[in-house]
*Asks:* 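My questions all concern the structure below.
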Amino acid sequence: MVRVRFAPSPTGPLHIGGVRTALYNYLLARKLGGTLILRIEDTDQTRFVAGAEAYIIESLRWLGIEFDEGQGVGGPHAPYRQSERLQIYGQYAQKLIDEGKAYYAFDTADELDAMRERMQNAGVDPAYNGITRLQMKNSLTLPASQVQEMLQNKAAHVIRVKVPLKEEIRFKDAVRDWVTVHSSALDDKVLMKSDGMPTYHLANIVDDHLMEITHVIRGEEWLPSAPLHVLLYRLFGWDAPQFAHLPLLLKPEGNGKLSKRDGDLGDFPVFPLQWQDPTTGKIARGFREDGYLPEALTNFLAFLGWNPGTEQELFSVQELIEAFSLDRIHRAGARFDVAKAKWYNQQYLKHKSDADLAQFVAHPDALKIVRLMKDRVTFPAEMLTDAPFLTTAPTDYEKAVAETKWNDDAKKVIAGFVANLNAHHGEFSAEAAKEILGASAEQAGIKQGRILQALRLAVTGLGHGPDLMLTMEILGKTETIQRLERALTHL
């Protein structure tokens, strides 16, 4: 049974790269009939940010990424918040010590600094490893009686993994293929900190094992840690999961990792939802508040690092599930193309029902406005902002159009149109407006096409725009007549 997890840290808003990681885990779980788990990795309490966990859960729900187990859902491996599992990690750290695979280290900050300085002076990269550990203050170099006394006296200490001196650590990554690292390249990483909290390395491995995770899909930034994690699995005597390290999300220009600053400079969000910093009060934009549809953002993110091997670009979630596979994930970083994100939103907006879109439009004639504008906008809010003439009569008229199209023919037909509108007592609709206009042009002996742009100018102040007859229907007969009379007087 395939079991995958998304394990964010509540240190602030969820970056869009984290959303993509959650999405890929979700797609694989659904594709293979597996289980998706949400685990909150909050052991680094110095970086904890209030509200971040709730933000993460709300973001994923908005995007339709549903979890089978985990924080906010429950399940057989609860609790799913690491700060509530501390006793478990201590037991497994002790197991490694008892088996001689980890050790207590009592070095002070000054002693560690002195060690690093000695190594730098010797032209060697500083590291607490298989060589330097024998020169430091730890349970490998101190008498057992002294170690026990220090522990009983609660002397400050950490627990470090004892990395084997001469071992090859090799694993196959679903994206990177074979990765090989010699143990001499690894530090004796801290597993338990002096405050009794586990490091990411220990908590992550223990939880993945106990929660029976079969596939670890995570960002490329964790690839340097993967050899240590594979080693820890080996030291515990456990089978390692299948790893898949996803390519970075790059700046729109393609040079470097995507950051919030890039979003600020490029005028686009990098977080799924709007986020207000609880300390500074500063607000960061969100894709939801900017008007992106969740299904459009999902489709866009799926293609940042993966492709189906076909020309098809628009995928429903179910189609993504059916097409997804780890072997089609790219190794190279994926450029965050904001124009493409907008294109996806535009496509999904066009295919959304008028009734669904009407909820975004605060206007009595919301449905009609959707019909008028949905094919012309990228975001729902633009259905009103891009058509200010629907709520405000024009006071200025597009000069170039007025100079070329506002002539005696236009005035003659529009004057007749006003008279015929006043005489019309039936329902005023786009069809009725079209019929009355046609009759007015025929009465004047002037082809209707010659005066349409001038008519639009009179109604909206612009020479181009959406369906003019539907625009007049939305404005209503009275408002349309008033605008036409104003134009006849002022133009």
Side-chain angles (χ1 to χ4, degrees), residues 1-11 14-44 52-86 88-89 92 171 173-175 198-223 225-226 228-230 232-233 236 238-246 272 298 301-302 305-306 317 320-321 324-326 329:
M1 177 65 75
V2 168
R3 291 175 61 84
V4 296
R5 50 55 166 188
F6 179 56
S9 297
T11 55
L14 180 62
H15 188 273
I16 202 66
V19 175
R20 184 194 60 172
T21 299
L23 174 62
Y24 283 9
N25 276 280
Y26 172 78
L27 295 176
L28 185 71
R30 295 295 173 264
K31 169 73 174 285
L32 301 179
T35 300
L36 176 62
I37 299 168
L38 175 63
R39 186 172 72 228
I40 301 298
E41 300 197 337
D42 62 343
T43 54
D44 189 349
E53 181 183 309
Y55 173 94
I56 290 167
I57 293 173
E58 185 185 354
S59 297
L60 299 172
R61 282 178 178 161
W62 174 64
L63 286 159
I65 297 175
E66 299 172 346
F67 291 84
D68 306 297
E69 286 181 31
Q71 188 62 25
V73 181
H77 299 283
Y80 292 94
R81 192 185 282 129
Q82 285 188 333
S83 60
E84 299 172 7
R85 300 171 59 85
L86 299 183
I88 297 173
Y89 310 128
Y92 281 95
F171 66 97
D173 187 273
V175 178
T199 60
Y200 169 83
H201 305 296
L202 177 65
N204 183 273
I205 295 306
V206 169
D207 283 345
D208 281 349
H209 172 70
L210 295 179
M211 295 180 186
E212 303 174 89
I213 300 303
T214 61
H215 295 70
V216 171
I217 305 171
R218 59 188 182 185
E220 183 184 272
E221 63 270 22
W222 293 111
L223 186 59
S225 299
L228 172 64
H229 296 172
V230 171
L232 285 171
Y233 277 106
F236 278 118
W238 301 333
D239 291 332
Q242 166 74 70
F243 286 98
H245 288 89
L246 307 178
T298 295
L301 287 176
W306 170 87
V317 172
L320 285 174
I321 290 169
F324 187 76
S325 64
L326 293 177
I329 295 175

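Scope of the values below: all heavy atoms of this structure, side chains included, with no hydrogens, waters or symmetry mates.
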*Asks:* For the pair N204 and R39, evaluate side chain to side chain contact (heavy atoms under 4.5 Å, CB included) and give the outcome as yes or no after the intermediate values.
*Replies:* CA-CA 10 Å; N204 183 273; R39 186 172 72 228; 3.7 Å; yes
*Asks:* Do Y26 and L60 have side chains that get closer than 4.5 Å, going by heavy atoms?
*Replies:* no
*Asks:* Shortest non-hydrogen contact from Y24 to F324?
*Replies:* O-CE2, 3.7 Å
*Asks:* Is it true that a side-chain atom of N25 and a backbone atom of L36 form a donor plus acceptor pair closer than 3.5 Å?
*Replies:* no
*Asks:* Please assess I217 against L326 for the test side chain to side chain contact (heavy atoms under 4.5 Å, CB included), listing each intermediate value before the final yes or no.
*Replies:* CA-CA 9 Å; I217 305 171; L326 293 177; 3.9 Å; yes
*Asks:* For the atom pair CD1 (I57) and CZ (F67), what is the distance rounded to the nearest 0.5 Å?
*Replies:* 8.5 Å
*Asks:* What is the ring orientation for W238 with Y233, classed by angle as parallel under 30°, tilted 30 to 60°, or perpendicular over 60°?
*Replies:* perpendicular
*Asks:* Got a second to check how far L14's CG is from L63's CG, nearest 0.5 Å?
*Replies:* 9.0 Å
*Asks:* Judged by atom type as modelled, is there a donor-acceptor pair below 3.5 Å linking the side chain of D42 to the main-chain atoms of S83?
*Replies:* yes
*Asks:* I'd like to know if the side chain of D68 pairs up with that of T35 as donor and acceptor (distance under 3.5 Å, no hydrogens or angles considered).
*Replies:* no
*Asks:* Hey, are the side chains of I37 and I213 touching, using non-hydrogen atoms and a 4.5 Å cut-off?
*Replies:* yes
*Asks:* Which heavy-atom pair separates S59 from P272 by the least distance, and what is that distance?
*Replies:* OG-CG, 3.4 Å
*Asks:* Report yes if the side chains of E41 and S9 come closer than 4.5 Å at any heavy-atom pair, otherwise no.
*Replies:* yes
*Asks:* Assess the side chains of Y80 and E69: does a donor N or O sit below 3.5 Å from an acceptor N or O?
*Replies:* yes
*Asks:* Tell me every residue that passes side chain to side chain donor-acceptor pair (under 3.5 Å) with E84, counting only those two or more places apart in sequence or in another chain.
*Replies:* R81
*Asks:* Quick one: CD on E220 to OG1 on T21, what's the gap to the nearest 0.5 Å?
*Replies:* 11.0 Å
*Asks:* Taking all heavy atoms of P241 and all of H215, pick out the closest pair and write down the distance.
*Replies:* CB-N, 4.1 Å
*Asks:* Apply the test side chain to side chain contact (heavy atoms under 4.5 Å, CB included) to residues V216 and D208: give CA-CA distance (whole Å), side-chain angles for both, the deciding distance (0.1 Å), then the verdict.
*Replies:* CA-CA 8 Å; V216 171; D208 281 349; 3.6 Å; yes
*Asks:* Within this structure, what is the CD1-NZ distance for the pair I321 and K31, rounded to the nearest 0.5 Å?
*Replies:* 10.0 Å
*Asks:* Nearest 0.5 Å, what's the OG1-CG distance between T214 and D239?
*Replies:* 12.0 Å
*Asks:* Rounded to the nearest 0.5 Å, how far apart are NE2 of H229 and CD1 of I205?
*Replies:* 5.0 Å
*Asks:* Stepwise, does the side chain to side chain contact (heavy atoms under 4.5 Å, CB included) test hold for L202 with L232?
*Replies:* CA-CA 8 Å; L202 177 65; L232 285 171; 5.7 Å; no
*Asks:* So L320 and W306, do their side chains get closer than 4.5 Å, heavy atoms only?
*Replies:* yes
*Asks:* Write down the atom of E53, the atom of P10, and the distance for their closest heavy-atom approach.
*Replies:* N-CB, 3.9 Å
*Asks:* Do the side chain of T43 and the main chain of T199 share a donor and acceptor less than 3.5 angstrom apart?
*Replies:* no
*Asks:* Within the structure provided, determine whether V19 and L301 are in side-chain contact (heavy-atom separation under 4.5 Å).
*Replies:* yes
*Asks:* Just by distance, do the side chain of H77 and the backbone of L210 share a donor-acceptor pair under 3.5 Å?
*Replies:* yes
